[in-house]
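Heavy-atom basis, side chains included; hydrogens, waters and symmetry copies ignored. Residues take their numbers from the sequence shown, with the count starting at 1.
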Amino acid sequence: MAGVKGNRKILYTKKVLKDSLLKLLETKDIHQVTVTDLCKQADVNRGTFYAHYKDAYDLLESMENELFSQVVQYIEDTPVEQYFDSLLINVLDLIKENKELCKILLFRQRDNKLLDKLFCIAYEAGLKEVYQETALYSETNFNYYIKYVVGGCIAIIQTWLENDFPESSVELARVINSVSVLASSYHSYIQK
C-alpha cells in the first residue's frame, strides 16, 4: 500500500506545481518564473520540485506534452472520416477542460514550440493521405495547406477562449467546418 500512497502524493505534488505555474503565468512570462517562485506558490521545497522537474520551462513543457498526448490519443482513436466532427469536438472539449493552460499557451507564451507541435499533430492525423486525393496535391501545397488550416483553427479557438466559450464545442465545430466549406466554395467559385 505504500506505493499507492506514494503515487497519490506524487500526483498531488505535480498537480499543485502545475496549478502554481498557471497562477504565476497569469502575470509573468515563463522566462520570469523562478523555481523559488514556484515553490513558494505551491508550498513545496526546492528538493521536491527538482525531484520532478528541471525548471519552470520543463514543467510547462510537461503540461503541453500531456495536453498534446491526449490530442494524439484522440487522433489514433478516431477514423479519418470523423475528424471534422468527433475529433474536433473532443479536442474542443479538451481545450475547454484545460482553459487556463490553453489561454496561456495560445496568448501569453511566445517562446514555446506550440505551433510546431500543432503542425506535427496535423501531419500525424493522416491529413496528407486525404489531401493527396485532390488534384491540387503537391508537397509544397500540402505544407501551406496545413499551416492555413491550423492557423485558421487557432484563430477561431483564440476568439472562442477570449470570449469565454459563448458556443458549445459542438457549435464551434460547426463554425470551423463551415469556414472550411466556405473556403472551398470560394476556391471553386473563383476557378469558374
Return yes if some donor-acceptor pair links the side-chain N/O of Thr78 with the main-chain N/O of Ile75 below 3.5 Å, else return no.
no

Donor-acceptor check, side chain of Asp29 to backbone of His31, threshold 3.5 angstrom: yes or no?
no

Does a side-chain heavy-atom distance below 4.5 Å link [X] with [Y]?
{"X": "Leu67", "Y": "Leu105", "result": "yes"}
{"X": "Asp43", "Y": "Val16", "result": "no"}
{"X": "Glu97", "Y": "Leu94", "result": "yes"}
{"X": "Gln70", "Y": "Asn98", "result": "no"}
{"X": "Leu21", "Y": "Gln41", "result": "no"}
{"X": "Val33", "Y": "Leu60", "result": "no"}
{"X": "Asn177", "Y": "Asp85", "result": "yes"}
{"X": "Leu38", "Y": "Tyr53", "result": "no"}

Glu167/Arg174 salt bridge by N-O under 4.0 Å criterion
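No, this pair does not count.
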
Shortest non-hydrogen contact from Lys96 toward Ser169
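Minimum heavy-atom separation between Lys96 and Ser169: CD-OG, 4.2 Å.
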
Determine the minimum heavy-atom distance between Pro166 and Glu171, stating which atoms define it.
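For Pro166 versus Glu171, the nearest heavy atoms are O-OE1, 4.5 Å.
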
[X] side, atom [atom1]; [Y] side, atom [atom2] - distance, nearest 0.5 Å:
{"X": "Phe165", "Y": "Leu172", "atom1": "CZ", "atom2": "CG", "answer": "9.5 Å"}
{"X": "Ile10", "Y": "His52", "atom1": "CD1", "atom2": "NE2", "answer": "5.5 Å"}
{"X": "Cys102", "Y": "Glu64", "atom1": "SG", "atom2": "CD", "answer": "10.0 Å"}
{"X": "Glu162", "Y": "Leu106", "atom1": "CD", "atom2": "CG", "answer": "10.0 Å"}
{"X": "Lys9", "Y": "Lys14", "atom1": "NZ", "atom2": "NZ", "answer": "14.0 Å"}

Partners of Tyr74 by ring-ring contact (aromatic ring centres under 6.0 Å, His included), sequence neighbours excluded?
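Partners of Tyr74 under the ring-ring contact (aromatic ring centres under 6.0 Å, His included) test: none.
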
Under the rule for side chain to side chain contact (heavy atoms under 4.5 Å, CB included), what residues qualify as partners of Asp77, not counting sequence neighbours?
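With neighbours one apart ignored, the set is Gln73.
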
Between Asn65 and Ser62, does any side-chain donor sit less than 3.5 Å from a side-chain acceptor?
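Not at all, the side chains of Asn65 and Ser62 share no donor-acceptor pair under 3.5 Å.
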
Can Asp55 and Asp58 be said to form a side chain to side chain contact (heavy atoms under 4.5 Å, CB included), step by step?
CA-CA 5 Å; Asp55 53 25; Asp58 188 37; 3.5 Å; yes

Can you get from [X] to [Y] by hopping between Ile, Leu, Val, Met, Phe, Trp and Tyr side chains that sit under 4.5 Å apart?
{"X": "Val170", "Y": "Ile95", "answer": "no"}
{"X": "Ile157", "Y": "Leu101", "answer": "yes"}
{"X": "Val175", "Y": "Ile89", "answer": "no"}

Pair Leu22, Glu26 - check side chain to side chain contact (heavy atoms under 4.5 Å, CB included), show working.
CA-CA 7 Å; Leu22 290 176; Glu26 289 175 4; 5.8 Å; no

Are Tyr50 and Val35 close enough, and set up right, to give a side chain to side chain contact (heavy atoms under 4.5 Å, CB included), and what steps lead you there?
CA-CA 9 Å; Tyr50 286 121; Val35 172; 3.4 Å; yes

From CA spacing to verdict: salt bridge (charged side-chain N to carboxylate O under 4.0 Å, His left out), Lys23, Asp19:
CA-CA 6 Å; Lys23 184 77 175 152; Asp19 291 345; over 6 Å; no

Evaluate side chain to side chain contact (heavy atoms under 4.5 Å, CB included) for Leu161 paired with Phe107, printing each intermediate quantity in order.
CA-CA 10 Å; Leu161 275 166; Phe107 295 112; 3.9 Å; yes

